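Structure record follows, encoded as structure tokens.
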There are 2 protein chains.
Amino acid sequence: MAGAAVPATLLAYGCGERSPPDLENARVTTDNARLPTLEDVARLAGVSRATVSRVINGIRNVNPELHEVVWNAVNATGYVANRAARSLVTRRTGTIALVVSDSESHDDDPFMSRFFSDPFFGRVVGGLLSALRPAGVQLALQIVGADQARARLVGDLRQGQADGSIVLSLHPGDTLPQLIADAGLPGVVIGRPARPVPLSHVDVANDRGAALAADHLVARGRRRIGMITGPVDVPASVDRIAGFTSAMARHGRSYVPAVAGNFTHESGDRAMRELLTDNPDLDGVFVANDLMAQGALSVLQELGRAVPDEIAVVGFDDSSAALAARPQLTTVRQPLEDMAAEAARLLLARVDDPSLSTTSIVFEPTLIVRATT
Amino acid sequence: MAGAAVPATLLAYGCGERSPPDLENARVTTDNARLPTLEDVARLAGVSRATVSRVINGIRNVNPELHEVVWNAVNATGYVANRAARSLVTRRTGTIALVVSDSESHDDDPFMSRFFSDPFFGRVVGGLLSALRPAGVQLALQIVGADQARARLVGDLRQGQADGSIVLSLHPGDTLPQLIADAGLPGVVIGRPARPVPLSHVDVANDRGAALAADHLVARGRRRIGMITGPVDVPASVDRIAGFTSAMARHGRSYVPAVAGNFTHESGDRAMRELLTDNPDLDGVFVANDLMAQGALSVLQELGRAVPDEIAVVGFDDSSAALAARPQLTTVRQPLEDMAAEAARLLLARVDDPSLSTTSIVFEPTLIVRATT
DNA sequence: TTGTAAGCGTTATCAG
DNA sequence: CTGATAACGCTTACAA
């Protein structure tokens, strides 16, 4: 990492032991020496632990009067259930793991920074949380690079580190989805796994999205259309290529010049140059994701090719990069937040009822027309 | 969110009950009916639970011979400690919460998507994980918007949802850091809190970073230099303004035209236009973060102002946006990953020894010269 | 150095 | 409908 810096200044703030300035709810226990337990609540409410437990967990068979008495006691004590104790008996952790898995064993920085700074990650996290939080479920981040880490993770998961996993598998050869399935662990994959695996997954109809782009470029009167693809072994990428070329074929264009990138900004830059070298008269290009499209746009500008007048560009994702690009990028929107939320719901349902069969949900992409076409 | 899509296709994969294809370590228990417990390991090793526990937790007083016997039994059974049971007695969860807090109560989408798609988030997560994973600590994501959520979070935290929190406070009026301090919970804030609070924090020397930018612009021979600032109530922003203007003053420039943005790409666009309207002859500008700088660059290009020939631009952060910008952005690097990792270590230390006094660590920024100056 | 046994705070079973 | 009481799986005095 460039510009490594070291701690320069250390200043103590003074660390007086503040006695908590008594919050709105006056606590019964004097200090945080010991947190209120079910027992404390029960005593205050004049009932048994069992009853308090029932009330809290919303179990039917409870006298409505007690119901209120108990809740008052809960509020008075500031009681919050101890997750560990509850987990121990229910065998549920109330936690879902978001596991990001890459086959490559570049263990630390290179992989993480590349992935995390992709807008993709944030959208997924946001979508997951929107579905998990209402259910009171935590989201724990897990990153695995090395195979060893993968095995350990499955062990932890089996054990009960989390009730289930949302799997974000970045590499086609990744064995993690299969490992999770083999272990019989609840899991939902975001994006179709490279090899079929008995886990539910959510995905976008990549092929139809790419077709949308093809139709649009043709409708805009473009004659010489090319494509910048993603890695040729990643399912999402493969589907986009297939969808685009077959749609183009339907329009009577049997040959589509294409160059592959790897979904990074920089690779889009490179691919665009290469594509243009071989096809100088290009007047339209479909780029398999927004980041690469952004890179492509920079190159076009650098080379003095007016967008969209001389050449039109369509991206894929509708990530923040599409809005950041100049001109703003026409792109195929992938409803990632919705997909992630749905994945979370699928997983939660599966955790509740392990007998549920695995299903796959495919979302429809939409074309967002902006200024590059 | 534009282009909301609905599940379109549902296809079942077939969900045969696969009997786990017996992993490398032959399990002792026939199936996953019940996971191996300490008891199982103890029996197999011919020792007591206590001994196994000691071995696993690396406690000294253990016969080296037994040591090996026990580990063999652990491997043979595929034993993994039950976190819940352990937590219950140790009163440690082995989890750190990353709490992202914004005062505004736009509860769901608007806030989350804005923040998550900022490269900032990914860098912080990456840095935290790099320090947490080696310690075997989980990272749980917590997002709080509404005040109610804030109170609930503190309750959960007190209770033991996590051993401590890394606080990412996005709004100057945010009460969360104070709430956490008041509750006596271990916490480390990333970025200096708006109001002093008895929690440790890590930060970058924003003022010195801004001074770096000023010195550089002046050294490059720029005469009419302006600034696009962040929100005027955010500490990081305030420090950058102060650092920049005082450095400029040292160079004999007592007046610096400035317009405020809000750290988004789009606000950088707006601010640049405004700044240029009032100061048409500007030949240099310091923009308080990369995202805004990217927006500013788009505008300059649109207006036909050559960068860096006619006007030089310096950003702040050295996020992925700096590399994505064209020309690539000269910027002040904030070592966010390192800062986050340090925050994690500070927090872990504090969790281990609550008597530790709160400290603050300030990292040095560095100037990364690219193509916009 | 090792084993025994007492909890940790819940939920769940089973009588009343 | 409510209350004892037994787990849940682990760590940790305390004893041996």
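In what follows, every chain begins at residue 1, and chains take the letters A, B, ... in the order their sequences are listed. Every value quoted in this text rests on a predicted model; they were computed, and no experiment measured them. Values reported hereafter were calculated over all heavy atoms of this structure, with side chains retained and with hydrogens, waters and symmetry mates removed.
- Taking atom CG of residue Asn82(A) and atom P of nucleotide dT11(C), one finds them 10 Å apart after rounding to whole Å.
- Whole-Å rounding puts the Leu38(A) CG to dT5(D) C1' distance at 14 Å.
- Closest-nucleotide positions on DNA chain D for Ala84(B) and Ala50(B) were compared, and the one nearer the 5' end corresponds to Ala84(B).
- Per the geometry, CD belonging to Glu65(B) stands 12 Å off P belonging to dT1(C), to the nearest Å.
- Each of Leu153(B), Ile180(B), Leu176(B), Leu170(B) was checked for a side-chain contact (heavy atoms from CB on, under 4.5 Å) with Ser101(B), and the lone residue meeting it is Leu176(B).
- Between Arg86(A) and Ile56(A), some side-chain heavy-atom pair lies under the 4.5 Å cut-off.
- The phosphate of dT11(C) (OP1 or OP2) has a side-chain N or O of Ser53(A) nearer than 4.0 angstrom.
- Side-chain N/O atoms of Thr51(B) include none lying less than 4.0 angstrom from OP1 or OP2 on dT2(C).
- Note: CD1 (Ile56(B)) to C1' (dG9(D)) measures 12 Å, nearest angstrom.
- As rounded to whole Å, 11 Å separates atom P of dC1(D) from atom CZ of Arg54(A).
- In this entry the distance linking CD of Glu39(A) with C1' of dG3(D) reads 12 Å, nearest Å.
- Atom CG of Asn57(A) and atom C1' of dT10(C) are 9 Å apart (whole Å).
- Side-chain atoms of Leu88(A) lie closest to dC8(D) of the nucleotides dT11(D), dG3(D), dC8(D).
- One can place CZ of Arg49(A) at 12 Å from C1' of dA12(C), the figure rounded to the nearest angstrom.
- Of the side-chain N and O atoms in Thr37(B), none sit less than 4.0 angstrom from OP1 or OP2 of dG9(D).
- Annotation: of the two residues near DNA chain C, Pro64(B) and Arg91(B), the 5′-most nearest-nucleotide partner is Pro64(B).
- Where Arg86(A) and Asn63(B) meet DNA chain C, the nucleotide closest to each residue was compared, and Asn63(B) sits on the side nearer the 5' end.
- Between the Thr358(A) side chain and the Leu199(A) main chain, no donor and acceptor come within less than 3.5 Å of each other.
- Salt bridge absent: Asp163(B) and Arg350(B) never bring a charged side-chain N and a carboxylate O closer than 4.0 Å.
- Looking at heavy atoms from C-beta onward, Leu128(B) lies out of side-chain contact with Val125(B) at the 4.5 angstrom threshold.
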